[in-house]
K.L.:
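Here you go, one structure.
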Amino acid sequence: MRVLHVYAGNLYGGVEAMLATFARQRGLVPAMEPRFALAFEGRLSRELREAGAEVALLPGARISRPWTVWGAQREMAKLLAANRPDTAVFHSAWAHGIFAPEARRAGIPIAFWLHDMASGGAAERLARRTWPNLSICTSYSVRETLGQIFPGPGGGTVVYPSVPAPPDLSAEREAVRQELETDADSVVVIQASRMEPWKGHRVHLEALGALRDDPRWTCWLAGGAQRPHETEHRDEMRALAERLGIAGRVRWLGERADVPRLLAAADVLCQPNLGPEPFGMTYVEAMHARLPVVAAALGGAREIVTPETGMLVAADDPAATAEALGTLLGDAELRGRLGAAGPARARELCDPEMQMRRLHDLLATVAR
């Protein structure tokens, strides 16, 4: 079964990591052959090609400029005519709204994959014009918002992202810490996320500011600024760290392609979101690395983090976050116990073979 995944591809985050996993792990389900069509070159297109996947490039389009949409749709029609898939999966309202009409006109079964909370924007209004044969949601929290785009009974089917277990990287712990000027006995609190304000960097730093008299911790913040507002946010957070008196203990790592290596050298993952995480692959990656997780009790974190693997705290509450981090800083046995339960929880939720077989079965039904 030939499956065409259609997406923008201009940024890099959880969706992009999931698509790259589809390419790298395609041998797990040989009956499902993934192909990709992206509107932008970037890190995702490079990783897909490095994995040996077939990648077609479509023109970028802006919904506010209809002629760019029409041009992109013409190219999509050519792609479908030249290389007809058995089904097409459109990731995000933007990709679905622009490109799904051509699949419908070509008689190709359509799946819509909602990765973010629906918000009622222009892309979602455009997507609503082409009803899919199947709606997939990346979490139950996301599924609760699907009705804003496609109202009616039934809702979507939840398929968690595939998150493979990394190789054992524990031997690199000392080397990573030396690279990042971090003492071997320091308790490293890491956050690995895009530089979006709603990811909770402010709460994280304010919580560490409350713990500045505790000499045991060092903070690693991994994630680059990909858009202008993210650059502004990063600069504001640097200034905040200075005001809190903790700037010398925070390492700003920028965008990294070696996050599993960083996690293997850290001790606690902290991402206290201000808004709900649609899923939260970084929580699962941290569990694979045997790190306890501190997260806000919002969105996907409530579906992932259990009392056996971490601590959920109130959203936008630096004091509650500081209390959770302080508990973990002072209790190595607790960190070890929560971390040890992580890999089994990660496999239970996001085992690649299990999730890809589930996706195959769903798409095969649609294709038939």
Side-chain angles (χ1 to χ4, degrees), residues 1-61 68-69 71-115 127 130 132-134 136 138 159 161-164 257 281 350 352-368:
M1 178 176 62
R2 298 180 303 276
V3 179
L4 179 66
H5 295 275
V6 184
Y7 190 52
N10 54 322
L11 303 176
Y12 200 94
V15 181
E16 291 79 5
M18 184 191 77
L19 293 175
T21 297
F22 286 168
R24 297 185 185 115
Q25 304 282 328
R26 60 189 182 276
L28 294 175
V29 185
M32 182 170 61
E33 178 189 345
R35 302 176 182 182
F36 302 88
L38 305 177
F40 299 94
E41 290 278 15
R43 178 178 167 183
L44 175 58
S45 61
R46 291 194 301 272
E47 290 191 1
L48 292 173
R49 291 191 181 103
E50 289 169 1
E54 182 178 313
V55 181
L57 194 63
L58 298 167
T68 65
V69 173
Q73 289 174 336
R74 284 194 295 270
E75 293 304 312
M76 182 66 176
K78 293 178 185 177
L79 174 64
L80 295 175
N83 193 358
R84 185 181 179 90
D86 296 299
T87 186
V89 184
F90 297 90
H91 297 266
S92 82
W94 182 86
H96 187 90
I98 292 173
F99 297 111
E102 294 307 315
R104 173 70 76 227
R105 278 189 275 271
I108 295 169
I110 295 170
F112 167 60
W113 199 320
L114 182 62
H115 295 277
T130 308
N133 302 90
L134 170 69
I136 302 172
T138 202
V159 177
S162 298
V163 184
M281 289 176 64
C350 298
E353 183 172 1
M354 175 183 69
Q355 294 303 82
M356 291 174 70
R357 287 192 181 281
R358 175 168 167 72
L359 180 61
H360 169 270
D361 293 346
L362 287 168
L363 296 180
T365 300
V366 171
R368 285 196 296 269

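This is a predicted model, so every value here is computed, not measured.
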K.L.:
CG of D86 to CD1 of I108: how many Å apart, nearest 0.5 Å?
P.N.:
9.0 Å

K.L.:
I'd like to check the side-chain contact (heavy atoms from CB on, under 4.5 Å) partners of V69; sequence neighbours left out, ordered by chain and number.
P.N.:
A61, Q73, I98

K.L.:
Please examine the side chains of L79 and L58, heavy atoms only from C-beta on, and report whether any two atoms are closer than 4.5 Å.
P.N.:
yes

K.L.:
Under the side-chain contact (heavy atoms from CB on, under 4.5 Å) test, which residues partner R24, sequence neighbours left out?
P.N.:
A20, E47, A51

K.L.:
Please determine whether a side-chain nitrogen of the Lys or Arg among E102 and R104 lies less than 4.0 Å from a carboxylate oxygen of the Asp or Glu.
P.N.:
no

K.L.:
Specify the closest pair of heavy atoms between P59 and G71, including all atoms of both residues, with the distance to one decimal.
P.N.:
CG-O, 4.3 Å

K.L.:
Ignoring hydrogens, what is the shortest heavy-atom contact between Y12 and A17? Give both atom names and the distance.
P.N.:
OH-CA, 3.6 Å

K.L.:
Passes salt bridge (charged side-chain N to carboxylate O under 4.0 Å, His left out), R49 versus E41? Steps please.
P.N.:
CA-CA 11 Å; R49 291 191 181 103; E41 290 278 15; 3.0 Å; yes

K.L.:
Do you know the tightest heavy-atom contact between P34 and M32?
P.N.:
CD-O, 3.2 Å

K.L.:
Compute whether any side-chain donor of one residue and acceptor of the other, for Q25 and T21, lie under 3.5 angstrom apart.
P.N.:
no

K.L.:
For N83 and E54, does a side-chain donor sit closer than 3.5 Å to a side-chain acceptor?
P.N.:
yes

K.L.:
Find out whether V6 and M76 are in side-chain contact, i.e. whether some heavy atom of one side chain is under 4.5 Å from a heavy atom of the other.
P.N.:
yes

K.L.:
Would you name the heavy atoms of A127 and A93 that are closest together and state the gap between them?
P.N.:
CB-O, 3.7 Å

K.L.:
Nearest 0.5 Å, please: how far is CG in L19 from CG in L44?
P.N.:
6.0 Å

K.L.:
Starting at CZ of R357, measure out to OG of S162 and round the result to the nearest 0.5 Å.
P.N.:
12.0 Å

K.L.:
How far does CD of E33 sit from CG of L4, to the nearest 0.5 angstrom?
P.N.:
10.5 Å

K.L.:
With side chains defined as the heavy atoms from C-beta onward, is the minimum distance between H360 and M1 less than 4.5 Å?
P.N.:
yes

K.L.:
Over all heavy atoms of both residues, which pair between A95 and Y7 is shortest? Give the atoms and the distance, please.
P.N.:
CB-CA, 4.1 Å

K.L.:
Rounded at 0.5 Å granularity, tell me how far CD in E16 sits from CG in L48.
P.N.:
10.0 Å

K.L.:
I want to check something: taking the side chain as every heavy atom from C-beta on, are L359 and I136 in contact at a cut-off of under 4.5 Å?
P.N.:
yes

K.L.:
How are the rings of W113 and F22 set to each other: parallel, tilted or perpendicular (split at 30° and 60°)?
P.N.:
tilted

K.L.:
Hey, does V3 have a side-chain heavy atom less than 4.5 Å from the side chain of V89?
P.N.:
yes

K.L.:
Do H115 and H91 come close enough that some side-chain heavy atom pair is under 4.5 Å?
P.N.:
yes

K.L.:
Enter the distance from N133:CG to T87:OG1 here, rounded to the nearest 0.5 Å.
P.N.:
7.0 Å

K.L.:
Nearest heavy-atom pair of L28 and E353: which atoms, and what distance?
P.N.:
CD1-N, 3.7 Å

K.L.:
Go through the structure and list residues passing side-chain contact (heavy atoms from CB on, under 4.5 Å) with A100, not counting sequence neighbours.
P.N.:
F90, H96, I110, T130

